[in-house]
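The structure appears right after this line, and notes come after that.
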Amino acid sequence: MKLVFNDNTSAHSVDLSASASGKSYRVRIADRTTELSLLNAENGRLEMLVDGRHVSAYVTVDGEKRWVTVNGRTAVLTKASGVTHKTAASDHPGQLTAPMPGQVRAVNVSVGDMVTKGQTLLVVEAMKMEIRVQAPRDGVVKRLFVKEGQPVEREQVLIEIVETSER
Amino acid sequence: MKLVFNDNTSAHSVDLSASASGKSYRVRIADRTTELSLLNAENGRLEMLVDGRHVSAYVTVDGEKRWVTVNGRTAVLTKASGVTHKTAASDHPGQLTAPMPGQVRAVNVSVGDMVTKGQTLLVVEAMKMEIRVQAPRDGVVKRLFVKEGQPVEREQVLIEIVETSER
Amino acid sequence: MFSKILIANRGEIAIRVMRACKELGVKTVAVYSEADSHALHVQFADEAILLGASAPRESYLNIEKIISAAKQTGAEAIHPGYGFLSENAAFADAVTAAGLTFIGPSASAIRLMGDKAGAKAMMKQAGVPTVPGREALGSDKDFKKAAKEIGYPLLVKAAAGGGGKGMRVVERESELGEAVEGARREALNAFGDERLIVEKYVPDAHHIEFQVFGDGHRNLVHLFERECSVQRRYQKIVEETPSPLLTDELRARMGAAAVSVANAVGYTNAGTVEFIVDRATLDYYFLEMNTRLQVEHPVTEAAVGLDLVQWQIRVAAGEVFPYAQADLSQRGHAIECRVYAEDPASGFLPSTGKLLQYVEPRGPGIRVDSGFAIGDELTHFYDPLLAKVIVHAEDREAAIQRMQAALGGYVVHGVVTNVDFLQDLLAHNDFKNGAVATRWVETKFSWAPAGHAFEMLVAAALAEVSVSSVKNVSSVKYQVSGSDERDPYSPWKASSGFRN
Amino acid sequence: MFSKILIANRGEIAIRVMRACKELGVKTVAVYSEADSHALHVQFADEAILLGASAPRESYLNIEKIISAAKQTGAEAIHPGYGFLSENAAFADAVTAAGLTFIGPSASAIRLMGDKAGAKAMMKQAGVPTVPGREALGSDKDFKKAAKEIGYPLLVKAAAGGGGKGMRVVERESELGEAVEGARREALNAFGDERLIVEKYVPDAHHIEFQVFGDGHRNLVHLFERECSVQRRYQKIVEETPSPLLTDELRARMGAAAVSVANAVGYTNAGTVEFIVDRATLDYYFLEMNTRLQVEHPVTEAAVGLDLVQWQIRVAAGEVFPYAQADLSQRGHAIECRVYAEDPASGFLPSTGKLLQYVEPRGPGIRVDSGFAIGDELTHFYDPLLAKVIVHAEDREAAIQRMQAALGGYVVHGVVTNVDFLQDLLAHNDFKNGAVATRWVETKFSWAPAGHAFEMLVAAALAEVSVSSVKNVSSVKYQVSGSDERDPYSPWKASSGFRN
């Protein structure tokens, strides 16, 4: 799962994936790759083990903004809007893929539905976390490749959204 | 809406209804009848105006138990289980009625469904409050009298639950 | 003692006063504007009265409505807090005229001290040092003579002035002529009034104020000083006591001067005498007197061991203040940081918005006076003060460490605050050394937010895969749309979590 | 100073110690049992090590595992808190043998004071008053002689005794024979040992203890007293300082006696010398010395103005304690109430369960030391202490008012607490008059919970129509089922709000 966050000065690319053991995450930011576990997350507070150190963080999702507090310092990051969960391998820009191996927990739309940008289309559960697959733009559901309960592989295509005119 | 709460020593009957103006509630407990408004309710805290006085209360629903704190004092009340929202007027003990005028917001079951005691069958919205109509016992949905979005009158029969053998 | 008090204020100070009332067994009446319908100070009170629209003049500055609220609820006294009507003599008069007690000094004391030039002249008369200066100067010769008497460096400024317009620092006589000419031109442009005054310029000025307290029985003492030199845009952001600058001898002299100032106007209740102290010479000059409770009163409470607000109420009710000067002393060290909803990286511009996450620090020796909770909206109508963090510890070093730990535990999302700025300020060597003068923030402390840490990006990324576990504004439960904003007591305004 | 400290405890005291470390710039290591995987003290630490199963002997009492955790994390010192291993000399020895520093007194001081009979004999030797008594009595004549020497009323009790078994109060000589016979019979039945001792009986006994503090440089002072007479089941529930019973003269004498006691064993670090004081005569008797930090240490911190835990760490690191006895004084009045998860209406039986709602009081002069948060489970494995509320105010009356306001703002749902009980206790005239002796709760304070108020029924009824707005346990978000309880760091344990 590739994400880009902007602060005041520059864009930062974050690559988050499940580790081989399936018990933790691997995160790559610039040249630094780190193993981490999420110990607990509730009420906007995340407890993580980052390289074995205990880190508490507060994160608030506010539209595209991310208010983040770590070690008593607060930053406002902006999630870059281009980075929905589409695979680089896919030639179809409207095809959305699974960011990590998991299971489809919910399918909120049917083929032919009109969807709006940001709308949650499917929910994939991975590592007991919920990933909301959201529409990257306004459009129509052209094809659905998965159904509820189905296990999915990383980068497996889940759904295809096309512009209204393409239908 | 008639409710009974038990404390350690005795049972207390509470009759709660919308006031004529529709802007507040009327509550009758023993001989005392009071007008009250609910100003705010969040995170387990209720702000009320009772006879014009401002009262803050914390209420936690814990199964049939109600943990209630008012003015720094805490009591544990038990909601008597006999008092589901069935009308006294109804001869059918399995017929559940609307406790106050409102609108059906959700119907969670279909005719023929097996239901268990305490399961939420329908949700009625009244005065912007949500009332969960729950199964008074295990059984089967025999009839459904309302559908989602439908306005209902006070004491209107909503659903009928029968014992499994009656089906 | 009163049986019921109306608090004519909002936010943290309204709640502070109500806590004092609760401990004294006094019922409380809150007043509020439409913007504050769900504010904590309204929930905290025994009764609450809506004053009117959100603009202060329709609500918190509306004397008539406030007095009518007091009459309606049977309140016997009014506590004005700070700001709003707290230094308004007409308000104090109106409260008294309505047969109620104003919890503060007499209207005449407020009036006398409210005339800043008159107060300065009066204090000079009474033998209290004031900043040397000359008015009504015409010719170049007048200026030169005055300058010689006062001594360099000096300040040439517009008599009608304010905000730094028409103000010149003059280091030596050779610069005087040009400075006067320039200042005169600027003064004329800015105020349509070319009159100038010349004043001694204190380059490394500390702002040190003394808390005074009097009852209605001729007892009047000072409760020691507060060092308030850490300022931005001429507003205090960090206050402490004892001052790292004062010696015991100077403290005693300035304390006695503060009592003289208060005595000169027959002062009762809590007040503050502000001085400028020249760091180089330790000369001090009367600046003005604030005839009300101060934002920074908690550091005095911590160090002196008295509850100032309870005593305000008690002496207003006629009680005797039982401590003589010799009974009073400072213990340990107390610091207050004002947490503002403002952006230090953008000229301290106020930041508005909704509090999406809000966690206050806790721990031994940490006090947080605040008036807001998660979900509250910070609007442009009112002061951007979010909270005050006050610590008390054995000595200054321990107090700074404690404040650092406290600020590090403060979490505010939804509005930008100065919390990170304050942490860096407290860590600065100049602050550690007590060497901060009033212009230090503007002239010596160039601050920029630290870049985000690696862990921040990690946390932001993890939030994407655990969306429902983090605060997500769109699912905040208590947001009610379509409610009737005008009637806070409408049940339609009540929470409806099921909309989630 | 140490760079890293392991805290061998849990709950509020672990967090209290970690706060002190944070302010001193020392890293912290938490240890925890399986039941405490998500406990606040684990979240609060820089690192955390799982010790083992929930039973204390598998975790918080397991010396080997704790020392191995310290070695593994590179901690240089261990703070034992109170309870668990804090007064275990073998633990102190093991810590030292491992090359680490034990934050507390020497193992030998712990050992000497741990032998209660030996300590009493030693203190008698050192000239400190102890409760007069006689042992090794055989014939009726022996008893009569001993009784005459001690004076009536007296206590006949089993030498092997404890828990009130085989104990008789004898008011006059005529009752002695029968009492000895009965006590002997009961002692034999209960302990298989018919030996008896005779002791002076103090009918109206106050429990008054003195905090002592020593460094490794022969400085040893007392930090005044704590009055701890409000007890239930021989455990303190309310503590305060100053004691309403002591005169300045008696305080000075008892303080000096406490210092003698500590000096007799070469005491260093924080310790407490407990005395019984006869209210009628003001005679005092050494009871025992607790060789550790006390639960009620915050009242001393408030009144004396020192951070005891920081000083524990500092003197353990070799620093000099810089205050002589004459430098120290008490200011104002401090009270602590222990909030227990227990039911005062059912013989103070511990109450277990999950914290469904939890709101702590706040305000000037109010400190809450706690170790739990909403969602935490209170189990039968550990002490039912939920939190301590400490207030500090100008005088005793103001402190009581402040404590009443604080307790009135405490909300705990999910487990029954003693908060209502404490409020009624503080409102009792005997408490107001400082006339509470150690058996007062059992013998004079008959408490029953007040009937529920009208508003409580109203609130419970309203909750039915706004279900989703109130706390509903079945929808608590962080309940995760099917998780792997053994590995708290498993991501499968992480929150999954979407199950809701």
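Each of C:Val419, C:Val415, C:Thr417 has some count of heavy-atom pairs under 4.5 Å with chain A, and the biggest count is that of C:Val415. Taking chain A as the reference chain and counting heavy-atom pairs below 4.5 Å, the highest number among C:Ala345, C:Ala405, C:Gly414, C:Pro361 is found for C:Gly414.
Surrounding CZ of A:Arg32 are more than 12 heavy atoms belonging to other residues, nucleotides or ligands, all under 6.0 Å away. Summarising the local packing, CG of A:Asp138 is surrounded by more than 12 heavy atoms from other residues, nucleotides or ligands at distances under 6.0 Å. Counting heavy atoms of neighbouring residues, nucleotides and ligands inside a 6.0 Å radius, atom CD of C:Glu442 exceeds 12 of them.
Taking CG of A:Asn43 as the reference point, atom CD1 of C:Ile374 lies at 8.0 Å (rounded to 0.5 Å). Taken to the nearest 0.5 Å, the CG atom of A:Asp62 stands 10.5 Å off from the NE2 atom of C:His413. The CD1 atom of A:Ile29 sits 12.0 Å away from the CE atom of C:Met456 when rounded to the nearest 0.5 Å.
Only the side chain of A:Ala57 comes within contact range of chain C, with at least one heavy atom under 4.5 Å from a heavy atom of that chain. Interface remark: A:Arg53 contributes side-chain atoms only to the contact with chain C (heavy atom separation under 4.5 Å). In this structure, chain C has no heavy atom under 4.5 Å from any part of A:Ser56. Looking at C:Ala453, neither its backbone nor its side chain comes within 4.5 Å of chain A, counting heavy atoms on both sides. Proximity to chain C (any heavy atom under 4.5 Å) is restricted, for A:Arg66, to the side chain, taken from C-beta onward.
Between C:Ala461 and A:Leu16, the shortest heavy-atom distance links the atoms O-CD2, 3.9 Å. For the pair A:Tyr58 and C:Gln357, the tightest heavy-atom approach, listed with the atom from each and the gap, is CD2-NE2, 3.5 Å. Residues C:Ala463 and A:Leu46 approach most closely at N-CD1, 4.4 Å, considering heavy atoms. Among all heavy-atom pairs drawn from A:Thr74 and C:Asp420, the shortest one is N-OD2, 3.1 Å.
With a 4.5 Å cut-off on side-chain heavy atoms, A:Met48 and C:Leu462 count as touching. Looking at A:Thr34 and C:Val458, their side chains never come closer than 4.5 Å, going by heavy atoms from C-beta outward. Residues A:Arg73 and C:Asp424 meet the side-chain proximity criterion, which asks for heavy atoms closer than 4.5 Å.
Contacts between residues 381-388 of chain C and chain A, defined by a heavy-atom separation under 4.5 Å, are made by no residue at all.
Between A:Trp67 and the choices C:Val416, C:Val411, C:Val412, the side chain to side chain contact (heavy atoms under 4.5 Å, CB included) rule is met once, by C:Val416.
At least one donor-acceptor pair closer than 3.5 Å links the side chain of C:Gln423 to the backbone N or O of A:Gly72.
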